[in-house]
Every structure is written in C-alpha cells, then in structure tokens.
Trainee: 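My structure is below; once you've seen it, I'll send some questions.
No experiment lies behind these values; they were computed from the predicted model shown. Lettering follows sequence order; numbering is per chain, from 1.
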There are 2 protein chains.
Amino acid sequence: MNRPAKDRLYQHIAQVAQAIGNSHRLELLDLLVQAPHSVEQLALAGGMSLANASQHLQRLKHAGLVVGERLGTTIRYRLADPIVARLWIELRTVALSQLADVERALDEYRPQRQQFPTITPAALQAGMMRGDTLLLDVRPPEEFNAGYLPGAISIPLDTLPTRLTELPTDALIVTYCRGPLCVYADEALAQVIARGRRGARLEEGVAEWQLAGYSIERLAA
Amino acid sequence: MNRPAKDRLYQHIAQVAQAIGNSHRLELLDLLVQAPHSVEQLALAGGMSLANASQHLQRLKHAGLVVGERLGTTIRYRLADPIVARLWIELRTVALSQLADVERALDEYRPQRQQFPTITPAALQAGMMRGDTLLLDVRPPEEFNAGYLPGAISIPLDTLPTRLTELPTDALIVTYCRGPLCVYADEALAQVIARGRRGARLEEGVAEWQLAGYSIERLAA
DNA sequence: ATAGTACTCAATTGATTTATTGAATATTCA
DNA sequence: TGAATATTCAATAAATCAATTGAGTACTAT
C-alpha cells in the first residue's frame, strides 16, 4: 500500500473541507445557493470588506465550489454545481444535529422561531391543492427570479408592510425564505399574524425543497 | 438582522467543516465508517503517531463527529451517528467531481483501477439472485464483523493467496472493500484474474451501499 | 502497591490562515 | 484618452493549526 500516495489523496479531499471551514465562506455559499451574486453584493450581504469577500471567493473557486463570469465590469459568482448546495445542507444538518451550541446559536439568531407554527412540505402542497393556503416568498426579488417554490408569490420582506392588506383573511399564509438559517420568513410571519391572519413558516428554502425531491419554478429568461 | 448572532451561528457550523479539514482526520473517519477502532489501531492504520491520532480524535469528538467508550485500558472510537458517514461520502463526492487533482491522486493511489471491470450494485444483486456471482469482502475481519453486504464471504486480503483454489471456476468473482479510496479489492481482483477466474470490482463499500438504500447484514452479537 | 498498557494533555515550534491596506488590473463610458 | 467602477493581488501582522516531545492519567494484572 502506497502511504505517500494515500496521504496526498486525503490531502486533496481535505482541501474542499478546508474551503468550507470558514464562517464567511459558508455564508457566501448560503447566499449563492439562492442566486448568483456579484462580489459587491456578496460583501454587503455577508458583512465583510470587498477585498476580504474577493479573497474568500478565490478560495472557494480554487476548491471548485464556485465559478465566476465577467459581465461588464462586474463578476457574477454562482455555485459550480448543485452538489455544492447538497454538501452545504449536509454540513449544516450534521452541525445542527451533533452540536448543541449550533442549536443555541440558531435560537439566538432566530429568537421567534419557536413562537410560530411551522408546516411541512407535504402539508403545504396539500393546502395549496385545496386552495386554502397562500405561499409567500419573502426573499429579495433577484433570488425569487432565480427560482422559487411552485405557486409562491413574491413579496420581499421590505415591501410587506405596505402590502399586508392584499392578503386574504380566509387562507393560511405560509412564509419561506432562504432556509433554516434565515430570519426573513420569521419577521414576515410576525407581521402577518399581528395583522390577524393565520400563518405558518416553511423551514425549507429552494435548495432544501429540491434536495427533498420536489421541483421548483423559474421565470422565463 | 442581528449581525453578531449570525456570525456566531456560521462560526459554529464552520467548526464541523474545520474538523474534517485535515487529511489525517478524514482518514480516521474513513476507517471508522467500516468499524469501531481503538486509538492504537487507528494510529497504525492511518500511519500517524499515537499522540497525533489521539489529538485528531479529540478534535473530531469536540465537533460531535465521533464518540469513544472505554473498554478496560483501551478506548473504542466510533462514528457518533450515521449522518457523519453521509457527510464524509458527500465531501468525497464533491472533491472527486470538482477537482481534477483528486481524480489524478486517486489514479496514483489505485493504479490498477482502470484495468479491471467494475459492476454496479444492481447488476451484482441480479447476479447473486441468479446464483452465478460470488461476492468477496476482502477487508480485515473486524470490519466484516461490523457489517457486510448481503451474501458476501469474508476472505481478508492477506489470506487470499492460500484460498484462491476455493473459488469456483464457473462464477463471476466480485471483490469489494472499504469503498472508492481503498486498494484491497483491486489487489484481490488482480490475484483472482491472474488465477484464471472471471472477476469484477464493486466500487461501493458498506457505507456507500447503505447510502444508496440497500441494507447490510451483521453477524449476531 | 507496583508495573505494564493504553491514552491524553500541555508546551513548544514551525507552518498556515485570515483580515487589512494599498496598489494593480479589467471593463465601460464620455 | 482619461475617469469611473468593479475586482484582484501582494505584503504584512496577528491568530490559528499541526506534529512532536515528555509528562500525566486511567485501567488492569500480579
């Protein structure tokens, strides 16, 4: 058995794990799961400097996890392959399951998450088939445009206050956003319920939805 | 949006990725996927010092990926949960798919892997149903005892030379070992084919087999 | 109680990673 | 051609990681 060749093999594989072994790069991947983003957008959304974001993107690119394409003066980064989304979801699932600190940190970040009802994908689909459930996608519009759950209506969180009166009073309002690590759907739901509507949150975002075997819709290009 | 809480959340999740961001720790996980091992066994199989192996195991334990239980003077380590095996397989799959260097390193470690036929799990099962296929598990006996593919016979690689005459001449001999990063099945297959038998390798080990939805057998305790 | 075995821990050293800063590069527009 | 915008790169300092060494701990057998 070739010990040096075996060591090199594991070292190469470890490179991918090293690429995702940083909190900023994980957040960048989480953003890219929703839609392609420019460096500027990623730096802003991830709360890091432009140079820092760019450096982290080079690390992710070098590990084959993202690719960038130039569009004029901007470079649009996206996931290199859907299996990268799967790896991120798997990592997050293991972290949540195996480390109590992750669950605690999630409660601190999403303090409202135990206060409202949740709904499963299957129950959501049944409700939408019956016609008594309304599904709201409260992500930014570029993320909705990149792909959304079937039947979802886009009401970005920042526009919700002026649009609450549009919501029917006799339906169950279901909100979703980027997935389990996102608070947008919690905040939207709080407003919906405060306004007297019945509501629930879907924990899954588009990536979790697809990983569970359901399909998404996409606007015509 | 609570920026500090969000940062902490991603930092906690990154801890798990950091834990697997080292080649030695990946090899330890790969070994533990097959069966629980003592620190001494792991250090030997992984080509590292006892103290180093122990340190890496502490890192994996702290990330919730392995657990240890004392049995007399030895501590037997095992995966904390099957989802850890899934994470390892997912990471490896991404690495093989996204980095050409990983494929090259695998070729260097397994130089014979393109020379022999392979067989899919479905074709293997069909052949065993027909009764014209013999499945050999060439891992060490403790790993076979921890769980093996249904219908497999255990012939550890080091005992194969003295047992080749036992093999039927009219069946397809299929070998498997720890999975895609293991050479045991290649070396066994070379001997089987050199002795004039028809042979093929199954790339999947027990973890890949289970992840694909098939069940394994286990000897009564 | 002591010796043997297995394992862990702490300190040290050298290597690697990360964020910042300022310069450099690429593209577009007037 | 030059200015503006977007992005990357290189150098630096601080923080973190990994392997080794030697000491310490836990368990077992005599």
Trainee: Give every donor-acceptor pair under 3.5 Å between a side-chain atom in residues 72-80 of chain A and any protein atom, sequence neighbours left out.
Mentor:
from, atom 1, to, atom 2, distance (Å)
A:Thr74, OG1, A:Leu71, O, 3.3
A:Arg76, NH2, A:Glu69, OE2, 3.3
A:Tyr77, OH, A:Gln58, NE2, 3.3

Trainee: A:Gln11 has an atom CD; how far is it from atom C1' of D:dA18, in whole Å?
Mentor: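 Answer to the nearest Å: 12 Å.
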Trainee: How close or far is atom P of D:dT8 from atom CG of A:Leu57, stated in whole angstroms?
Mentor: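 Value for this atom pair: 7 Å.
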Trainee: Whether B:Thr73 contacts D:dC27 is assessed here as follows: a side-chain N or O lying under 4.0 Å from the phosphate OP1 or OP2. Is that the case?
Mentor: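 So the side chain of B:Thr73 is outside the cut-off, no N or O lying under 4.0 Å from OP1 or OP2 of D:dC27.
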Trainee: Decide yes or no, distance alone: a donor-acceptor N/O pair under 3.5 angstrom between the base of D:dA18 and the side-chain of B:Gln55.
Mentor: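 No such pair is found, so the answer is no.
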Trainee: Let me confirm one number: the OG-CG distance from A:Ser154 to A:Asn145, rounded to the nearest 0.5 Å.
Mentor: 7.0 Å
Trainee: Would you mind checking if B:Arg104 and B:Asp107 are paired as a salt bridge, meaning a charged N to carboxylate O distance below 4.0 Å?
Mentor: no
Trainee: Output yes when A:Asp186 and A:Arg110 qualify as a salt bridge under the 4.0 Å nitrogen-oxygen rule, no when they do not.
Mentor: yes
Trainee: Starting the side chain at C-beta, find the nucleotide from D:dT7, D:dT8, C:dT8 nearest to B:Tyr77.
Mentor: C:dT8
Trainee: Respond yes when some side-chain nitrogen or oxygen of B:Asn22 is under 4.0 Å from OP1 or OP2 of D:dC17, and no when none is.
Mentor: no
Trainee: Which whole-number value in Å describes the distance from B:His24 NE2 to D:dT20 C1'?
Mentor: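 After rounding, the gap between these two atoms is 12 Å.
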Trainee: To the nearest 0.5 Å, what is the distance between CD1 on B:Ile13 and CG on A:Leu181?
Mentor: 4.5 Å
Trainee: Output the rounded distance in Å from CG (A:Leu28) to P (C:dT18).
Mentor: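 One finds 12 Å between P of C:dT18 and CG of A:Leu28, rounded.
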Trainee: Determine: side-chain N/O of B:Ser49 to OP1/OP2 of D:dA19, distance under 4.0 Å, yes or no.
Mentor: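 Result: no.
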Trainee: Hey, is CZ on A:Arg86 packed in by over 12 heavy atoms from elsewhere, all under 6.0 Å?
Mentor: no
Trainee: For C:dT17 and A:His56 - does any side-chain N or O of the residue sit under 4.0 Å from the phosphate oxygens OP1/OP2?
Mentor: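 Checking A:His56 against C:dT17: no side-chain N or O falls below 4.0 Å of OP1 or OP2.
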Trainee: Given 3.5 Å as the limit, does a donor-acceptor pair link the side chain of A:Gln98 with the main chain of A:Ala95, or not?
Mentor: no
Trainee: Tell me which nucleotide among D:dT8, D:dT7, C:dT17 gets nearest to the side chain of A:Glu40.
Mentor: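 Within the option list, the nearest is D:dT7.
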Trainee: With respect to the side chain of B:Arg25, which nucleotide from C:dT17, D:dA18, C:dC7 is positioned closest?
Mentor: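 That would be D:dA18.
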Trainee: What's the NZ-P distance between B:Lys61 and C:dC7, to the nearest Å?
Mentor: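 One finds 12 Å between P of C:dC7 and NZ of B:Lys61, rounded.
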Trainee: Please give, in whole Å, the distance from C:dT27 P to A:Glu69 CD?
Mentor: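 Computing the A:Glu69:CD to C:dT27:P distance gives 14 Å.
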Trainee: Rounding to 10°, can you tell me the angle the first-five-pair axis of the helix from C:dA1-D:dT30 to C:dA30-D:dT1 makes with its last-five-pair axis?
Mentor: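 Terminal axis comparison yields 20°.
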Trainee: Does C:dA6 have OP1 or OP2 sitting under 4.0 Å from an N or O in the side chain of B:Arg70?
Mentor: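 No.
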Trainee: From CG of A:Leu50 over to C1' of C:dT21, roughly how many Å is that when rounded to an integer?
Mentor: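 Whole-Å distance recorded here is 13 Å.
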Trainee: Taking 4.0 angstrom as the limit, do A:Glu27 and B:Lys6 come out as a salt bridge?
Mentor: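 Here A:Glu27 pairs with B:Lys6 in a salt bridge, since their nearest N and O are under 4.0 Å apart.
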Trainee: Side chain of A:Gln58, heavy atoms from C-beta onward: which of D:dA19, C:dC7, D:dT8 has the nearest atom to it?
Mentor: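 Given the options D:dA19, C:dC7, D:dT8, the side chain of A:Gln58 is closest to D:dT8.
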Trainee: Measure the distance from CZ on B:Arg59 to P on C:dC9 and round it to the nearest whole Å.
Mentor: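 Roughly 14 Å, once rounded to whole Å.
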Trainee: 5'-most contact on DNA chain C: B:Ala51 or A:Gly21, nearest heavy atom basis?
Mentor: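 Result of the comparison: B:Ala51.
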Trainee: Please compare A:Leu71 and A:Ser23 by the position of their nearest nucleotide in DNA chain C and report the one closer to 5'.
Mentor: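 Between the two, 5'-proximity favours A:Ser23.
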Trainee: Quick check on C:dC7: is either OP1 or OP2 less than 4.0 Å from any side-chain nitrogen or oxygen of B:Ser54?
Mentor: no
Trainee: Base, sugar-phosphate, or nothing for A:Arg76, non-hydrogen atoms under 4.0 angstrom?
Mentor: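 No contact at all - A:Arg76 keeps every heavy atom at 4.0 Å or more from the nucleic acid.
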